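The structure under discussion appears below in the form of structure tokens.
Treat the numbers as computed from the prediction; the structure is a model and nothing was measured.
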Amino acid sequence: MPSMSASITDEIRANRKEFIGKLNALSLPPGIKMGALLIHGLTGMPNEMQPIARALEGLGCQVSVPMLAGHGAGQKELLATGWKDWLQSTRGALDELCKTCDVVVVGGLSMGGLMPVLLAAENPKVGGIVALSPTIKYDSTNSSNPFQVLLPLIDIVPFLGKHCYWTEQPPFGLKDERLQRKIMKELGAIKEVHKKQVKSLGLPNEEKDYANSHEFNPEQFRTYAGSLRQLQKLVKVVEKQAPKVKCPALIMQSVEDTIATKWNAETLQKWLGTKDKRIIFLEGCDHVLTMDLKKEEVAYNYAEFVCRVAAKNLPKCEIT
């Protein structure tokens with residue numbers, strides 16, 4: 001894997017410095033309690049949302065980053081759940097935020113970037129939504145698979161959903177070579193430990209629980225057909241409910257995304273009923289915007305949007 005040139009590294013450092021400074025200059029208007037619900041992606045974990053969580057907590061928001069149902073352990077647990085279970089996990093967290101916050105901004109990554117649409121359509125306290133690398137379908141260089149058209153067969157033959165899978169390969173939705181190397185090292189170590197076991201890629205025992213830790217979870221890089229079918233079902237509901245969304249919406253998308261192309265962001269924007277909707281296209285990063293080389297820029301854009309939503313809702317709060 002070729003290393004980044006010194007000029008590119010300097011550019012990354014300058015970008016980080018610029019947007020850390022801009023983020024530190026932001027502030028919420030007084031007189032409003034803002035909440036932020038952050039939703040991780042399919043097979044992901046809450047820690048992938050931590051850079052955004054830290055930025056919003058520094059801004060003064062009350063932040064919640066729930067673990068979606070079935071996530072944080074093994075594929076057996078994940079396959080026992082579906083999109084309705086994942087959505088219910090977010091509803092519970094949103095209800096808790098609504099008890100103490102005037103307005104809540106809901107955002108998510110990848111598949112998690114679709115769920116804010118449903119929450120905004122049903123909960124009037126959602127004042128804005130953010131979709132980071134929204135994934136309506138896996139259609140880019142490192143994810144596109146012609147067999148996706150056969151996923152509906154799982155409804156007839158459930159066996160397929162539990163035994164057919166896609167294993168994510170480098171660059172793992174990342175431009176950051178340091179993180180790529182870390183993932184490869186961890187996967188290599190696990191494969192070595194379990195090389196005598198009959199388990200593809202040396203995946204760990206299903207019983208191991210990552211839900212309450214920041215440990216590396218290799219299960220994040222394998223997605224079974226059953227879960228992909230649930231994503232398809234979620235997308236249909238999102239498309240139906242999106243016209244009902246009237247609150248401001250921000251979408252961020254890398255033009256170099258190796259998991260989901262910009263078609264996903266543009267399609268989601270078209271579906272949304274709100275007139276206040278914007279896409280920010282980014283370069284020099286990949287699918288996992290929250291962890292990649294432009295994470296400071298992503299965090300600033302997210303926080304600036306939250307401040308704008310807060311200012312828009314302030315008069316209502318003052319009147320009440």
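The side chain to side chain donor-acceptor pair (under 3.5 Å) analysis of residues 106-129, with sequence neighbours excluded, yields the pairs Arg91-Glu122, Ser110-Thr135, Ser110-His287. Residue pairs meeting the side chain to side chain donor-acceptor pair (under 3.5 Å) criterion with at least one partner in residues 51-66, sequence neighbours excluded, are Gln62-Thr100. Sorted by first and then second residue, the salt bridge (Lys or Arg N to Asp or Glu O under 4.0 Å) pairs involving residues 224-247 (not counting sequence neighbours) are Asp155-Arg229, Asp155-Lys233.
The backbone N or O of Ile136 sits less than 3.5 Å from a side-chain atom of Asn264, completing a donor-acceptor pair. Side-chain atoms of Gln180 do not come within 3.5 Å of backbone N or O of Pro170 as any donor-acceptor pair. Remark: the backbone N or O of Thr261 is paired with a side-chain donor or acceptor of Asp139 at under 3.5 angstrom. No donor-acceptor pair closer than 3.5 Å links the side chain of Gln241 to the backbone N or O of Ala121. Side chain of Asp95 to main chain of Gly92: no donor-acceptor pair is present (N/O by atom type, distance under 3.5 Å, no hydrogens or angles). Under a 3.5 Å cut-off, the side chain of Asp292 and the backbone N or O of Asp286 do form a donor-acceptor pair. A donor-acceptor pair is defined here as one N or O able to donate and one able to accept, closer than 3.5 Å; such a pair exists between the side chain of Lys277 and the backbone of Gln269.
For Gln230, the side-chain hydrogen bond (donor to acceptor under 3.5 Å, both in side chains) criterion is met by no residue, not counting sequence neighbours. By the side-chain hydrogen bond (donor to acceptor under 3.5 Å, both in side chains) test, Thr267 is found to be paired with Trp263, residues two or more places apart in sequence or in another chain being considered. Trp86 is linked by a ring-ring contact (aromatic ring centres under 6.0 Å, His included) to His71, counting only residues two or more places apart in sequence or in another chain.
If you chain together hydrophobic residues whose side chains sit under 4.5 Å apart, Ile20 and Phe305 never meet in one group.
Residue Gln88 holds its CD atom at 7.5 Å from OG1 of Thr90, rounded to the nearest 0.5 Å. Atom CG in Leu42 sits 5.5 Å away from atom OG in Ser227 (nearest 0.5 Å). With rounding to the nearest 0.5 Å, the separation of OG1 in Thr258 from CG in Leu174 is 8.0 Å. To the nearest 0.5 Å, atoms CG (Leu68) and OG (Ser89) are separated by 5.5 Å. A distance of 8.5 Å separates CG of Leu132 from CG of Leu38, quoted to the nearest 0.5 Å. For the atom pair CG of Leu282 and NZ of Lys262, the computed distance is 13.0 Å after rounding to the nearest 0.5 Å.
Of all the heavy atoms in Leu26 and Cys307, the pair that sits closest is CB-SG, 4.3 Å. Smallest separation of non-hydrogen atoms from Ala36 and Val104: N-CG1, 4.2 Å. The shortest non-hydrogen separation linking Leu314 to Pro29 is CD2-CB, 3.9 Å. Of all the heavy atoms in Pro134 and Leu114, the pair that sits closest is CB-CD2, 4.2 Å. Among all heavy-atom pairs drawn from Leu37 and Pro66, the shortest one is CD1-CD, 3.5 Å. The two residues Leu268 and Ala131 come nearest to each other via the heavy atoms CD2-CB, 3.8 Å.
Side chains of Leu109 and Glu48 form a contact here, defined as non-hydrogen atoms less than 4.5 Å apart. Counting heavy atoms from C-beta outward, Ile251 and Ile280 have side chains that stay 4.5 Å or more apart. Looking at heavy atoms from C-beta onward, Met67 lies in side-chain contact with His40 at the 4.5 angstrom threshold. Between Ser133 and Met252 the shortest side-chain heavy-atom distance does not fall below 4.5 Å. Between Thr43 and Tyr224 the shortest side-chain heavy-atom distance does not fall below 4.5 Å. Contact check for Lys295 versus Thr290: no side-chain heavy atoms found under the 4.5 Å cut-off. Leu56 places a side-chain heavy atom less than 4.5 Å from the side chain of Val306. Contact annotation: the side chain of Val126 never approaches that of Pro116 to less than 4.5 Å [non-hydrogen atoms, C-beta and beyond].
Using a 4.0 Å cut-off between charged nitrogen and carboxylate oxygen, Glu18 and Lys22 count as a salt-bridge pair. Under a 4.0 Å N-O distance rule, the pair Asp276/Arg308 qualifies as a salt bridge. A salt bridge links Arg13 to Asp10: at least one charged side-chain nitrogen sits closer than 4.0 Å to a carboxylate oxygen.
Between the side chains of Asp102 and Asn313, not a single donor N or O lies within less than 3.5 Å of an accepting N or O. No side-chain donor from either of Ser140 and Asp257 sits under 3.5 Å from a side-chain acceptor of the other.
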Evaluate the side-chain contact (heavy atoms from CB on, under 4.5 Å) criterion for residues Leu289 and Lys294: first the C-alpha distance (whole Å), next the side-chain angles of each, then the deciding distance (0.1 Å), finally the verdict. CA-CA 7 Å; Leu289 295 177; Lys294 295 294 181 71; over 6 Å; no
Could you give me the CA-CA distance, side-chain angles and deciding distance for Trp83 and Leu231, then say whether side-chain contact (heavy atoms from CB on, under 4.5 Å) is met? CA-CA 7 Å; Trp83 73 268; Leu231 172 60; over 6 Å; no
Before you tell me yes or no, could you show the steps for Asn15 and Glu297 under side-chain hydrogen bond (donor to acceptor under 3.5 Å, both in side chains), namely the whole-Å CA-CA distance, both residues' side-chain angles and the distance that decides it to 0.1 Å? CA-CA 7 Å; Asn15 178 271; Glu297 184 173 350; 3.1 Å; yes
Could you go through Asn24 and Tyr300, starting from their C-alpha distance and side-chain angles, then the distance that decides it, and tell me whether this counts as side-chain contact (heavy atoms from CB on, under 4.5 Å)? CA-CA 9 Å; Asn24 291 336; Tyr300 166 75; over 6 Å; no
Stepwise side-chain contact (heavy atoms from CB on, under 4.5 Å) check, Ile129 with Val105: CA-CA 6 Å; Ile129 62 172; Val105 173; over 6 Å; no
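Just one residue in the list Leu97, Val103, Val63 forms a side-chain contact (heavy atoms from CB on, under 4.5 Å) with Met34, and that residue is Val103.
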